[in-house]
Amino acid sequence: MRRRDFLAAAAGVVAVGVNPGGALAATKQKPGASGLPDLDLGDFPVVARVRARRALEHLKVLSDRIGPRIGGTESEHRARDYLVKVLRELRYEVTTQPFTVPDKFLGEITARGGKRWQSGASRFGALGVTVRAPFVDLGDGSQLPDDLTGKIALFVNSPAGSVPTLQAVERGAVAVLLGRASVPPATKSPAFSPVLTQTVAVPVLGVAQVHVERLRAQGPGELTVATTHHPNLTSYNVIADRRATFPGPDNGVVMVSAHYDSVPGSPGANDDGSGTVLCLELARVLRYLPTHKALRFALWGSEEQGLLGSRYHVAQLTPPDIARIAGVFQNDMVATSHDPATAYWLLSLNGADNATTREVAAAAKRLGYDPRVHGPVARGSSDHVPFHEKGIAAANFSWRGEEGPHLLEPIYHTPEDTIADNISLERLQVSLELIGSAAYRLACTR
């Protein structure tokens with residue numbers, strides 16, 4: 001018997017002994033599977049124990065309790081502290097890796113009933129101010145009243161750029177809200193930080209489409225708008241390590257990763273709270289399993305600003321560090337409930353197979369999920385990119401539309417990316433089983 005097979009068998013026996021009910025359930029056909037699984041013994045300790053509902057409890061903290069986690073700000077730091085606490089309780093060696101990130105310009109709207117919505121703010125508008133006034137819906141800004149004194153002006157889909165904003169301020173507006181709206185099934189518009197051709201003396205906020213819809217639904221009334229400038233920011237990666245359990249020469253490290261920040265205004269339940277809590281649940285399940293390779297769980301800060309956390313991390317790696325990494329399983333948007341997103345995509349930067357895509361595809365066949373798995377195909381835009389650029393086997397794994405990985409859910413990056421509106425426990429469970437089985441098998445190779 002090969003040593004990897006012996007390790008897998010030993011781990012399988014442990015799983016059956018500790019959780020016989022879970023091991024029995026692992027042999028039954030799963031929801032969404034094409035048939036009965038044909039598991040290796042090494043799959044049992046993963047498939048029998050991972051639980052999407054356990055991961056959901058972490059997601060409630062990140063998405064519901066903390067909400068938008070903006071890179072470098074206090075909200076991201078609260079998430080960092082939670083991740084560190086969970087991983088240290090799991091007995092991992094946890095380090096935080098600080099790096100500087102650009103200033104943030106954020107806004108907040110308080111609407112009827114005290115409802116608060118985060119938005120972006122323009123750095124060309126007034127910052128650090130709060131204004132309370134009635135709002136008026138001015139459509140696309142093509143026809144403005146002569147007097148807007150004391151009003152908050154709302155413009156939607158203005159084709160004239162900064163012109164309506166500047167004109168509204170000249171006519172007495174005390175704040176400006178800029179919104180975009182798309183027609184379904186197109187992707188809804190997120191919050192944003194507007195760019196103006198010149199500085200104005202009032203706050204200017206970029207609001208998400210859903211907030212435009214809610215403002216229009218509630219009708220005229222008073223709003224409170226506030227803007228904040230967040231300078232001198234530090235974001236953090238959270239790295240959790242567990243050494244290989246068998247003696248012998250260093251045989252490398254297997255990484256499972258995700259980013260834990262989100263865009264302004266979005267609670268980021270699927271993007272990428274789902275990938276983050278997948279890492280936490282797999283850290284729990286894999287922590288005591290025997291491996292030839294070390295395990296590393298990496299949670300990246302400030303991905304949404306251009307992969308800043310993962311790029312910083314990779315830039316610090318020495319050639320020996322790079323040579324040790326056997327594979328990086330990056331998980332970004334792994335639980336959407338969007339009905340058309342029924343395909344689980346293997347996304348490498350160049351579309352080629354590598355150690356991570358091969359292991360996930362093999363796991364899909366063993367577990368009976370292979371009809372749902374597509375790829376590998378070429379796709380960047382996540383934290384596998386800087387690892388690939390250093391020659392490391394890396395890929396991103398994500399639920400997208402059947403026609404291609406460019407087909408994201410319409411509420412991607414919006415305030416509606418919540419647990420209630422955008423999380424499927426079934427898809428999260430499939431993701432956990434696939435990545436857990438694949439990463440464990442790679443970690444067991446000599």
Side-chain angles (χ1 to χ4, degrees), residues 32 34 187 252-259 270-272 274-275 278-279 282 296 298 300 303-311 313-315 317 322-336 338 340-409 412-413 427-428 430-443 445:
S34 61
T187 300
V253 59
V254 172
M255 295 182 64
V256 181
S257 62
H259 73 88
N270 188 43
D271 185 18
D272 186 27
S274 62
L278 176 146
C279 290
L282 290 184
R296 177 174 299 150
W300 312 118
E303 184 268 358
E304 298 291 3
Q305 300 165 64
L307 317 182
L308 298 187
S310 56
R311 286 199 178 281
H313 178 81
V314 170
L317 298 176
I322 292 170
R324 286 194 68 224
I325 301 174
V328 179
F329 297 83
Q330 168 68 18
N331 303 274
D332 200 342
M333 304 171 66
V334 297
T336 180
H338 181 50
T342 56
Y344 185 84
W345 286 92
L346 317 180
L347 307 170
S348 62
L349 184 59
N350 61 358
D353 235 346
N354 62 47
T356 62
T357 57
R358 280 193 296 270
E359 289 292 0
V360 173
K365 289 182 179 179
R366 298 194 304 274
L367 274 61
Y369 293 130
D370 47 311
R372 308 181 75 175
V373 173
H374 296 239
V377 298
R379 185 79 176 182
S381 303
S382 195
D383 293 300
H384 60 303
V385 172
F387 290 92
H388 173 92
E389 291 171 347
K390 290 292 186 179
I392 298 168
N396 180 35
F397 303 92
S398 184
W399 289 96
R400 312 281 178 98
E402 292 278 351
E403 295 178 16
H406 61 286
L407 295 176
L408 305 174
E409 62 265 32
Y412 162 73
H413 274 183
R427 289 177 188 164
L428 180 56
V430 174
S431 300
L432 283 162
E433 293 177 15
L434 287 174
I435 297 299
S437 297
Y440 184 50
R441 186 177 178 89
L442 185 59
T445 58

Looking at Trp345, does the NZ or CZ of Arg400 lie under 6.0 angstrom from its six-membered ring centre and within 45 degrees of the ring axis? no

For residues Ala335 and Leu428, report the shortest heavy-atom separation together with the two atoms involved. CB-CB, 3.8 Å

Looking at Phe329 and Ala438, what are the two nearest heavy atoms and their distance? CE2-CB, 3.8 Å

Under 3.5 Å, side chain of Asp332 to main-chain N/O of Phe397, donor-acceptor pair present? no

Tightest non-hydrogen contact, residues Leu346 and Ala361, listed as CD1-CB, 4.1 Å

Please check this pair: side chain of Asn354 against backbone of Ala394, looking for a donor-acceptor N/O pair closer than 3.5 Å. yes

Polar side-chain atom of Asn396 near backbone of Leu347 as donor-acceptor pair, under 3.5 Å: no

Could you grab the distance from atom OG of Ser382 to atom CG of Asp271, nearest 0.5 Å is fine? 8.0 Å

Shortest non-hydrogen contact from Thr357 to Pro376? CG2-CB, 4.1 Å

Donor-acceptor check, side chain of His374 to backbone of Gly401, threshold 3.5 angstrom: yes or no? no

Ignoring hydrogens and angles, tell me if any N or O in the side chain of Ser274 forms a donor-acceptor pair with the backbone of Val334 under 3.5 Å. yes

Evaluate the side-chain proximity of Leu407 to Pro340: yes if any heavy-atom separation is below 4.5 Å, no if none is. no

Looking only at atom types and distance, does a side-chain atom of Ser34 sit under 3.5 Å from a main-chain N or O of Gly368, one as donor and one as acceptor? yes

In short, His413 meets Glu304 closest at the heavy-atom pair NE2-OE1, 3.1 Å

Just by modelled atom types, is the Ala341 backbone N or O under 3.5 Å from a matching donor or acceptor in the Arg427 side chain? yes

Quiz question: by atom type and distance under 3.5 Å, do the side chains of Glu303 and His259 form a donor-acceptor pair? yes

Between CZ on residue Arg358 and CG on residue Asp353, distance to nearest 0.5 Å: 5.5 Å

